[in-house]
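Only this structure's heavy atoms are used, side chains among them; waters, hydrogens and symmetry mates stay out. What you see is a predicted model; the values in this text were computed from it and never measured.
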Amino acid sequence: MKNQKIIAIYGKGGIGKSSTASNVAAACAEAGNKVLIIGCDPKSDSSITLLRGMRIPTILDLLRDGIDVKEENVVFEGYAGVKCVETGGPEPGIGCAGRGIIVAIQKLKSISGNLLKEQDLIIYDVPGDIVCGGFVAPIRKGFVNEAYIMTSGEYMPLYAANNICKGLSKIGMPLSGIICNSRNASREKEIVAKFAEEICSQLMAFIPKKRIVQDCEREGYSVMEKAQDSDIAKIYRKLGKAILENGKRNIADSLSDKRLRELTK
């Protein structure tokens with residue numbers, strides 16, 4: 001029996017976590033693995049490209065509507081058999097999104113039977129960075145066993161990644177790797193690889209910026225479904241395989257702001 005991988009992907013808002021998470025989920029499912037993606041963003045868009053643009057009901061929305069939530073109400077099968085769930089979030093300006101994640105996941109556990117146990121890979125697509133303690137809920141509650149950070153080679157995403165390292169270290173959560181989603185910054189791969197090395201981690205993948213990713217998303221598809229033979233699809237497959245086979249987990253160091261500036265010059 002395979003060791004179950006339950007991962008959370010963190011990173012600065014807008015860095016491409018949802019796109020990467022959905023494509024990695026699809027790549028791993030294509031390879032014969034049972035995969036579940038749990039979107040933890042109030043925008044509920046982590047699974048949309050796996051479902052050909054369909055936005056699914058969220059656990060928190062249904063609970064707010066007083067519905068007796070069943071598994072079939074919130075678990076949908078997407079491309080390549082990927083199971084998709086969206087936790088949703090609180091109403092704008094009301095409540096804590098982190099607390100909402102806890103409530104939603106606990107509800108999912110209570111209604112899902114063997115769903116969570118049967119998966120080879122569960123991906124938590126977590127919103128924003130770790131500045132708000134609520135967003136470490138999947139880790140604090142023991143929902144996940146691995147954490148990855150996504151960044152680009154620009155200063156602000158790296159600054160956020162560095163803060164996430166500090167947060168993970170404070171709660172004793174090892175880091176399994178860094179994923180670079182390129183923004184075509186100067187010396188980007190070199191900078192992110194060096195950052196990963198200096199925090200005692202590893203660069204899992206360098207994902208080049210390709211228009212095809214955005215084009216597929218606009219049409220409501222993942223790259224894995226719409227552009228299966230593209231170079232970028234091959235990179236997602238390689239990243240998915242690397243995550244499934246990865247055994248490296250270290251408590252991450254963090255860099256001083258001065259060193260971070262030096263690194264990105």
Side-chain angles (χ1 to χ4, degrees), residues 4-29 33 35-50 82-87 89 97-98 101 105 119-132 134-141 143-152 157-158 160-165 167-168 171 173-183 192 195-196 199 201-207 213 217 222-224 235-246 248-250 252:
Q4 188 182 52
K5 292 266 183 175
I6 311 176
I7 72 171
I9 301 179
Y10 288 95
K12 184 179 182 296
I15 199 60
K17 294 186 298 297
S18 295
S19 175
T20 301
S22 60
N23 278 294
V24 166
C28 291
N33 298 283
V35 182
L36 167 65
I37 185 168
I38 301 177
C40 299
D41 195 310
K43 297 193 300 297
S44 65
D45 60 355
S46 299
S47 60
I48 199 165
T49 60
L50 293 165
V82 177
K83 298 294 194 300
C84 303
V85 173
E86 296 285 352
T87 65
I101 292 170
I105 300 306
Q119 307 307 310
D120 299 309
L121 173 65
I122 299 176
I123 302 175
Y124 283 84
D125 178 21
V126 187
D129 57 37
I130 210 164
V131 173
C132 169
F135 290 138
V136 300
I139 291 173
R140 284 195 182 278
K141 290 295 179 179
F143 298 152
V144 307
N145 55 30
E146 292 190 23
Y148 289 86
I149 299 174
M150 176 163 285
T151 185
S152 68
L158 278 170
N162 200 50
N163 273 344
I164 293 167
C165 289
L168 292 175
I171 61 174
M173 181 66 187
L175 178 65
S176 293
I178 301 290
I179 302 167
C180 180
N181 198 31
S182 174
R183 291 294 183 266
V192 178
F195 173 76
I199 63 169
S201 189
Q202 60 184 331
L203 179 62
M204 298 295 295
F206 177 81
I207 305 170
V213 178
E217 286 181 347
S222 67
V223 170
M224 301 309 302
I235 291 171
Y236 288 128
R237 289 189 188 102
K238 186 176 179 182
L239 173 56
K241 186 173 186 289
I243 287 173
L244 288 172
E245 295 177 353
N246 187 21
K248 184 174 182 179
R249 300 170 74 235
N250 292 324

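- Put simply, the side chain of Thr20 never gets that close to the backbone of Lys17: no donor and acceptor are under 3.5 Å apart.
- The side chain to side chain donor-acceptor pair (under 3.5 Å) search around Asp125 returns Ser18, Ser46, not counting sequence neighbours.
- In this structure, the salt bridge (Lys or Arg N to Asp or Glu O under 4.0 Å) partners of Lys241, at least two apart in sequence or on a different chain, are Glu245.
- When atom types are taken as modelled, the side chain of Asp41 and the backbone of Lys43 share a donor-acceptor pair closer than 3.5 angstrom.
- In terms of modelled atom types and a separation under 3.5 Å, the side chain of Gln4 and the main chain of Asp120 share no donor-acceptor contact.
- Looking only at distances, no side-chain donor or acceptor of Glu146 sits under 3.5 Å from a matching main-chain atom of Lys5.
- Under the 3.5 Å distance criterion, the side-chain polar atoms of Gln202 are left unmatched by any main-chain donor or acceptor of Ala196.
- Annotation: the span from Cys40 atom SG to Ile9 atom CD1 amounts to 11.0 Å, rounded to 0.5 Å.
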Hey, mind stepping through Met204 and Lys238 against side-chain contact (heavy atoms from CB on, under 4.5 Å) and telling me if it holds?
-> CA-CA 9 Å; Met204 298 295 295; Lys238 186 176 179 182; over 6 Å; no

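- Glu86 CD to Ile48 CD1: the interatomic distance, rounded to the nearest 0.5 Å, is 8.5 Å.
- Across every non-hydrogen atom of Ala205 and Leu239, the tightest pair is CB-CD1, 3.8 Å.
- Minimum interatomic distance between Met150 and Asn181 (heavy atoms only, all atoms of both residues): SD-CB, 4.0 Å.
- Atom OG of residue Ser47 and atom CG of residue Leu36 lie 10.0 Å apart, to the nearest 0.5 angstrom.
- Residues Ile235 and Phe206 fail the side-chain proximity criterion, which asks for heavy atoms closer than 4.5 Å.
- Glu217 meets the salt bridge (Lys or Arg N to Asp or Glu O under 4.0 Å) test with no other residue; sequence neighbours excluded.
- The shortest heavy-atom contact between Ala161 and Thr151 is CB-CB, 4.1 Å.
- With contacts defined as side-chain heavy-atom distances shorter than 4.5 Å, the pair Thr49/Ser19 does not qualify.
- Nearest heavy atoms, Leu175 versus Ala252: CD2-CB, 3.9 Å.
- A donor-acceptor pair under 3.5 Å links the side-chain atoms of Arg183 to the main chain of Ile15, judged by distance alone.
- Using a distance-only test at 3.5 Å, with no hydrogens or angles considered, no donor-acceptor pair links the side chain of Asn250 to the main chain of Ser201.
- In this view, Tyr236 satisfies the side chain to side chain donor-acceptor pair (under 3.5 Å) rule with no residue, not counting sequence neighbours.
- Considering only residues two or more places apart in sequence or on other chains, Ser222 meets the side chain to side chain donor-acceptor pair (under 3.5 Å) condition with none of them.
- Under the salt bridge (Lys or Arg N to Asp or Glu O under 4.0 Å) criterion, Lys248 pairs with no residue at all, not counting sequence neighbours.
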Show your working on side-chain contact (heavy atoms from CB on, under 4.5 Å) between Phe195 and Leu203 and close with a plain yes or no.
-> CA-CA 9 Å; Phe195 173 76; Leu203 179 62; over 6 Å; no

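- For the pair Asn33/Leu121, no side-chain contact is recorded, criterion being any heavy-atom separation below 4.5 Å from C-beta on.
- A side-chain contact (heavy atoms from CB on, under 4.5 Å) with Val24 holds for exactly one of Ile179, Leu244, Ile7, Ile123; it is Ile123.
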Could you walk me through whether Ile149 and Ile164 pass the side-chain contact (heavy atoms from CB on, under 4.5 Å) check?
-> CA-CA 8 Å; Ile149 299 174; Ile164 293 167; 3.5 Å; yes

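- Between Met173 and Ala147 the shortest heavy-atom distance is CE-N, 3.8 Å.
- A distance-only check finds no donor-acceptor pair linking the side chain of Lys12 to the backbone of Ser152 [under 3.5 Å].
- Remark: Asn23 CG to Leu50 CG distance equals 7.5 Å, nearest 0.5 Å.
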Check the pair Ile38 / Phe143 against side-chain contact (heavy atoms from CB on, under 4.5 Å), numbers first and verdict last.
-> CA-CA 11 Å; Ile38 301 177; Phe143 298 152; over 6 Å; no

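- For the atom pair CD1 of Ile37 and SG of Cys28, the computed distance is 10.5 Å after rounding to the nearest 0.5 Å.
- Closest of all the heavy-atom pairs between Arg237 and Ala27 is CA-CB, 3.8 Å.
- The CG atom of Leu168 sits 9.5 Å away from atom CD1 of Ile199, with the distance rounded to the nearest 0.5 Å.
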